[in-house]
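Computed from a prediction, not measured in an experiment: that's the story for all the values here.
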Amino acid sequence: MILKVVSIHLAIMEEHGIMETMRMKRNDPERVAIYARVSTDEQAGNGVSQEQQPDLVQIKLDAEFGPTGYTIVLNEQDAGFSGSFGPTIADLGKPPSKGRKYRNGLRSILKAIESKSIDVLAVYDLSRLYRRAEALMQLFDFTARNGVRIVSVMEDVKLDTAAGELAANVLAVIAQFSRKQSNERIKSNLGQIKNEGRWLGTAPFGWTRTPPYKGAPKTIYPVPEQLAVVRRIKDLYLQGIREQAIADRLNAEGIKHILKKTDGIGGFQEKAWDWQSISNILKCCANAGSVRLPDGTYKEGVHFKDRAYEPEDFERIVETMAAKRSGLRSVPKDRDNNLLSALVRCGTCGQTLLYSKGGVGEKRAYVCRGFRGRGDYHVYVSADTLERAVFHEMELLSSDPKILQLGEVHIKSELAKVAESADRIRDLERESLKLERQKEKALDMSRNDFLTNEDLKDMLARIRKDQGPIAEELSKLRQSRDSHRTYESKLRIATKALKEFSLVWEHLGASEKRELLRLSIERAVVNPHETHNVLALKLGPFDEHCHDLPRTTAAHGKAHVTGIKALTLREMAALKWVLDGVKPGEAASRMGIGAGTYSALVKRATLRIGAADPKRAAKKAAEWIKSVEHLLPIGPWRAKRRSSPNDLTVFERIVTERYRNGETLEKIAEEMGLTVQEIEDTLRSAKEKETDLGG
């Protein structure tokens, strides 16, 4: 009965052609995809080339399936790609990458496996597929799921057995190890080349890799006409001219920037200069005859004799770039009317002077930012007067060669101090090394039982006692040496800037002028006196000179007003909370301001009154606060329109309010601690501002 049922099923399958299809499937040749890859020309020369791999794979296929037992449906190759890069199985759902590190040949193979259009994937060795263990394991799982067998010429691995799977995993790890070992060798070789002083990579502007004669060492060689441009860029930058301005000058003169890549015709590509190309040239250590080592330090290169300028110039360029990044922030650099902002300091509080364009009837001025109240400044100096004094001093130095020679003397003095410190540092380092060797010797003797623990402790204690003073002196000397080096570099930059002042000043833009001033001015302080201000100016390495400046005040006559009369409403409100004993955090919350703002108001009011602490200041101002309490911004403060010279001051408001309430001039003067004449002057000033006041 069973045989009869089987016979019926076989007859049905024969009738529909299913049996014939099964026979064809079993007897059809294997569909094979061949994949080949080499990473570099050196590997192709020393190992198996790209063209040889498919031939060797076919010999393996002939032995495996017979000459007629397989059909090659895909033959993909990826030349010049490392086995550490994709695509992976996860990349199949993504669009193909256009980058250099993407193997499109392997992608086609993976797509064929996914669509089950191949039965065998044949390679010369498994490392041709991937040199990453994780990626190779994923490929093994992927081929197993899709019924594809991997055939390798160099490895006879059968993934359908436990031993074969273990061998495949070991081979994948070995391939990954080989790749990492190769990377380490490459890095080591590159580091060795740099240590030898040879330049790596593309030759920068001003240099070429074409050797001048046969057998010349592999490094870069100068292009004289381009190095002349490099020197000019360096000189302009150290004069304080910014990168974009240098690029504009070169473009206006028709000088082109030549790139080190062909334009498709056989020559070099030319383009206009921009700030980035100028910056790249300034940051290139090759122009100073140096190469950069892996640890970030610089070493004299093989091309040092052909350098464009000295290594000291390169150090000044690096320091100038660092100073530009860290200095003069938040100060407008494109305005020609506030060149000295943040470059001159107040002699009273040490704060920098900021530019003030002035209000109605006022002129340009530089103002101390120690106080930000209504005209209450330590220093208020005319901008024209201050700038004229600074520029005059710079022009004198620029036109006097003897003074510039004095700058060189100062520079040599700093260099001598650096050399002196270096000699002493070298001696101390030798002593420190001797003590370290003594320590190591003592530890070795202890390990070999030549010293007892007690003797070892005593010896180590003596060594540490000797090391302490040496380490302390070494630290101080190194700091001193570094400071002398930094100061010497600043002196060089300032001397160079002052020397070129009269030649380049008229041709500079606003930001370039500011940079030249920053390089030239070492110290500028304005000290206020009763009748005048005194500018103490030190330019570069030269002696400090003092210039008398006329003392001016703001147009509304409040430049140097201090005391209780100078308090603003907000400052009085802050003192009221101090008088009431409210904690600072709660007081700031009631006023709707930050704790820092409240603290600044209290501190400023205390300084105006001249009291020792906020509580004493609040007691002194108690009567004033009581008189104007209804005007104080006790609640959340709201910004109002900008004050005008025609607005009544707080003092004028208090006096007019009390006068309106019928109090006599004598009573107001007595309670406020002033003279009757001061009260009359205040009422007269208020009457001029508000015509509706009574007489």
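In this structure, Leu477 and Leu428 have side chains that are in contact, with non-hydrogen atoms separated by less than 4.5 Å. Side-chain contact between Leu282 and Phe314 is absent, with no heavy atoms from C-beta onward closer than 4.5 Å. Between Leu474 and Arg478, some side-chain heavy-atom pair lies under the 4.5 Å cut-off. Side-chain contact between Ile278 and His257 is absent, with no heavy atoms from C-beta onward closer than 4.5 Å. Using a 4.5 Å cut-off on side-chain heavy atoms (C-beta onward), Asp306 and Leu227 make no contact. Contact of the Ile233 side chain with the Leu250 side chain is registered, since non-hydrogen atoms from C-beta on lie closer than 4.5 Å. In this structure the side chain of Phe391 reaches within 4.5 angstrom of the side chain of Leu517, judged on heavy atoms. Residues Glu225 and Val229 fail the side-chain proximity criterion, which asks for heavy atoms closer than 4.5 Å.
Closest of all the heavy-atom pairs between Gly289 and Phe304 is O-CD1, 3.4 Å. The shortest non-hydrogen separation linking Leu106 to Pro87 is CD2-O, 3.9 Å. When all heavy atoms are compared, the tightest approach of Asn287 to Phe205 is OD1-O, 4.1 Å. Closest approach of Ser290 to Tyr298, counting heavy atoms only: CB-CB, 4.3 Å. Summarising the geometry of Leu456 relative to Ala442, their closest heavy-atom pair is CD1-O, 3.6 Å, with the distance given to 0.1 Å. The shortest heavy-atom contact between Gly105 and Asp78 is N-OD1, 3.1 Å.
In this structure, Arg128 forms no cation-pi arrangement with Tyr124, as its terminal cationic atom is not both closer than 6.0 Å to the ring centre and no more than 45° off the ring axis.
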Query - Worked check of side-chain contact (heavy atoms from CB on, under 4.5 Å) between Leu386 and Leu535 - result: CA-CA 8 Å; Leu386 182 60; Leu535 169 65; 3.9 Å; yes
Practice task
Dump the intermediate steps for side chain to side chain donor-acceptor pair (under 3.5 Å) on Glu436 and Gln467, then the final yes or no.
Solution key: CA-CA 9 Å; Glu436 285 294 331; Gln467 282 180 327; 2.9 Å; yes
Verdict with reasoning, Glu473 to Arg424, per side-chain contact (heavy atoms from CB on, under 4.5 Å) = CA-CA 10 Å; Glu473 187 177 357; Arg424 180 56 181 162; 3.0 Å; yes
Test side-chain contact (heavy atoms from CB on, under 4.5 Å) applied to Ile521 and Val390, step by step = CA-CA 9 Å; Ile521 298 175; Val390 174; 4.1 Å; yes
Q.
Show, in sequence, the C-alpha distance, side-chain angles and deciding distance for Trp273 and Ile281, and conclude whether the side-chain contact (heavy atoms from CB on, under 4.5 Å) test is met.
A. CA-CA 11 Å; Trp273 294 92; Ile281 288 177; 3.3 Å; yes
Exercise for review: List the steps and the verdict of side chain to side chain donor-acceptor pair (under 3.5 Å) for Arg103 and Tyr35.
Suggested key: CA-CA 11 Å; Arg103 293 188 278 166; Tyr35 179 72; 3.2 Å; yes
Could you check Asp274 against Ser277 for side chain to side chain donor-acceptor pair (under 3.5 Å), going step by step and ending with a plain yes or no? CA-CA 6 Å; Asp274 54 23; Ser277 57; 2.9 Å; yes
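Interatomic distance, Ser446 OG to Leu460 CG, rounded to the nearest 0.5 Å: 8.5 Å. Distance check: Leu238 CG to Glu319 CD gives 10.5 Å after rounding to the nearest 0.5 Å. One finds the SG atom of Cys284 at 10.5 Å from the CD1 atom of Ile317 (value rounded to the nearest 0.5 Å). The CZ atom of Arg388 sits 15.0 Å away from the CD atom of Glu393 when rounded to the nearest 0.5 Å. The line from CD1 of Ile246 to CG of Leu236 is 5.0 Å long, rounded to the nearest 0.5 Å. Note that OG of Ser341 and CG of Leu353 are 8.5 Å apart. Values are rounded to the nearest 0.5 Å.
Using modelled atom types, no side-chain atom of Arg345 and backbone atom of Gln351 make a donor-acceptor pair closer than 3.5 Å. Checked by atom type and distance alone, the side chain of Arg231 pairs as donor or acceptor with a backbone atom of Ala308 at under 3.5 Å. Under a 3.5 Å cut-off, the side chain of Tyr366 and the backbone N or O of Leu340 do form a donor-acceptor pair. With hydrogens and angles disregarded, a donor-acceptor distance shorter than 3.5 Å links the side chain of Gln226 to the backbone of Gly206.
The pair Arg430-Asp427 meets the salt-bridge criterion, with a side-chain N (NZ, NE, NH1 or NH2) lying under 4.0 Å from an Asp/Glu carboxylate O. Salt bridge annotation for Arg232-Glu253: present, with a cationic side-chain nitrogen under 4.0 angstrom from a carboxylate oxygen.
Partners of His303 by ring pair (Phe, Tyr, Trp, His ring centres under 6.0 Å), not counting sequence neighbours, listed by chain and number: Trp207. Under the side-chain contact (heavy atoms from CB on, under 4.5 Å) criterion, Thr297 pairs with Leu293, Asp295, not counting sequence neighbours.
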